[in-house]
Amino acid sequence: MNTKKPMSLTGRIIFGMIAGILTGFAVRFLFGDEGFVHTYIVNGLFEVGGKIFIASLQMLVVPLVFVSLVCGTSSLKDLSTLGRMGGKTLAFYIVTTAVAITLALTMGTLFQPGAGADLTAAASFQSAEAPSLGQVIINMFPTNPINAMAEGKTLQIIVFAILFGIAISTAGKSGERIASLFVDLNAVIMKLVALLMHIAPFGVFFLMAKLFTGLGLGAIWSLAGYFAVLAGTLLLHGLVTYSVLLKGFTGLSPVTFLKKMEDAIMFAFSTASSNATMPVTMETAKNRLGVDNKVASFTIPLGATVNMDGTAIMQGVATAFIAQAFGIDLTMGDYLAVILTATLASIGTAGVPGVGLIMLAMVLNQVGLPLEGIALIMGVDRLLDMIRTAVNITGDSAVTMIVAKSEGALDESVFNDPKAGEKEEEVHLEKVNA
Ligand code: ASP
């Protein structure tokens, strides 16, 4: 008799991740970086598998944000809730980001990772133009909602979905009919998320195998100080700051919170994209943490777009590192300017891989540091991007918990149930033929 319990989804994702990392190292060690295996397995199978996985996650983002937010807004009894919730969410997002960057600058100044760094390797770096704050705000309003969806502009979709939801809730009988349609659509889309989570162990395997076949670990050696200070600060913020906030504002256990975030954290780590991880963050918030859809459908997409504490931390440590490496002293005024600009830069950073580094140019420009500094740290950015993305989405979820608790929209019995969400995650494909 077979009494073995099947491995949990989380267990399978961890397994996929570790197997992928080991496979990547093994392929690199055994076959180098060219030849048949490289062409057909690494750049063939691994790359195709990984890209399909990310594409299928991204495929869900637009329908998920739109449908769940319309559902959430149309279920609000009173519209003032929306303003209050929005205000609280934004305030927490901005404050946590400012705390993150202050922590980063403190760590960067304390540990001096850039003192004595070798600058000869620096190549040139072309920065992209950062949009002005005014433009960012104007860009939130879509002229054409279909176009906003086609181009995946999350903030524009959020604005349209809120207005649409408000219209539904005030449109009487017609509104009620449309609202019930959206409730059903939402349930179907969440099932789609569950379905995709089941292929995650394979997707994560391909992503890790491809990445670790080509990862330049030599670069990490030469920038070990920067890497260690940045990774340490990210962990400190991810584990301590959020735990203190969560405990302080909700009284709930940070250990349970982090445990329940496991899957979302692994998705963020392997995709390095808050945006692609959004379906899983949302699923976690609703089904595992017990947050009501009316809060999660608003705070999670907003957070994945504007709240990037991990990115802000990278920008803080990188600024301190580059200043030290080029022997430039920063004044107190410069530090304040960095805090302000990095907070804005992280708001303007899209939740996709590597963008944080491009936005760093905006911060360096602000305090007159050479942009070539970015070339210095570029070689180690991918791995750090993975860690900071995990911090980014943990921050979104921690604030979501706090806002939900204060709005009476948190089901603590779900939060405290270690098995919560398992039923929603089940997918029985055999039923398709039944
Ligand atoms: N990859 C990050 C994210 O998606 C953004 C960044 O820092 O580059 O959250």
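Since the structure is predicted, the reported quantities are computational estimates derived from the model, not experimental observations. Below, each value reflects all heavy atoms present in this structure, side chains not excepted, and no hydrogens, waters or symmetry copies. Counting convention: from 1, in listed order, for ligands and their atoms alike.
Of all atoms in ligand 1, numbered sequentially from 1 with element shown, those under 4.0 Å from a heavy atom of N392 are 2 (C), 3 (C), 9 (O). Proximity to V355 (heavy-atom distance under 4.0 Å) selects the following atoms of ligand 1: 8 (O). Applying the 4.0 Å criterion to heavy atoms of S273 picks out, from ligand 1, the atoms 4 (O). Short contacts between ligand 1 and G354, defined as distances under 4.0 Å to a heavy atom of the residue, involve ligand atoms 8 (O). Every atom of ligand 1 with a heavy atom of G351 under 4.0 Å away is listed here by number and element: 3 (C), 4 (O). Applying the 4.0 Å criterion to heavy atoms of T311 picks out, from ligand 1, the atoms 5 (C), 6 (C), 7 (O).
R288 has a carboxylate O that lies under 4.0 Å from a charged side-chain N of D263, or vice versa, which qualifies the two as a salt bridge. Using a 4.0 Å cut-off between a side-chain N of Lys or Arg and a carboxylate O of Asp or Glu, E262 and K259 qualify as a salt bridge. Between R388 and D381 there is a salt bridge, since a side-chain N of the basic residue sits under 4.0 Å from a carboxylate O of the acidic one. Taking 4.0 Å as the cut-off between side-chain N and carboxylate O, K294 and E407 do not count as a salt-bridged pair.
Judged by distance alone, the side chains of S406 and K88 do bring a donor and an acceptor atom under 3.5 Å apart. Side-chain contact, D309 with Y242: a donor N or O sits under 3.5 Å from an acceptor N or O. Using a 3.5 Å distance cut-off with no hydrogens or angles, the side chains of T331 and D334 do pair a donor with an acceptor.
Considering backbone and side-chain atoms alike, M308 places every N or O at 3.5 Å or more from each N or O of ligand 1. Where the criterion is an N or O separation shorter than 3.5 Å, residue side chain and backbone included, L357 fails it with respect to ligand 1. Between R388 and ligand 1, at least one N/O pair is under 3.5 Å apart.
Remark: minimum distance from atom 3 (C) of ligand 1 to any protein heavy atom is reached at S274 OG, 3.2 Å. Looking at atom 5 (C) of ligand 1, its nearest protein heavy atom turns out to be V352 O, 3.6 Å. At the shortest separation from atom 1 (N) of ligand 1 among protein heavy atoms lies D385 OD1, 2.7 Å. Counting only heavy atoms of the protein, atom 8 (O) of ligand 1 lies nearest to G356 N, 2.7 Å.
Contacts between A272 and ligand 1, counted as non-hydrogen atom pairs separated by less than 4.0 Å, involve the backbone only.
In this structure I14 satisfies the side-chain contact (heavy atoms from CB on, under 4.5 Å) test together with T10, I18, M266, sequence neighbours excluded. Partners of F31 by ring pair (Phe, Tyr, Trp, His ring centres under 6.0 Å), not counting sequence neighbours: none found.
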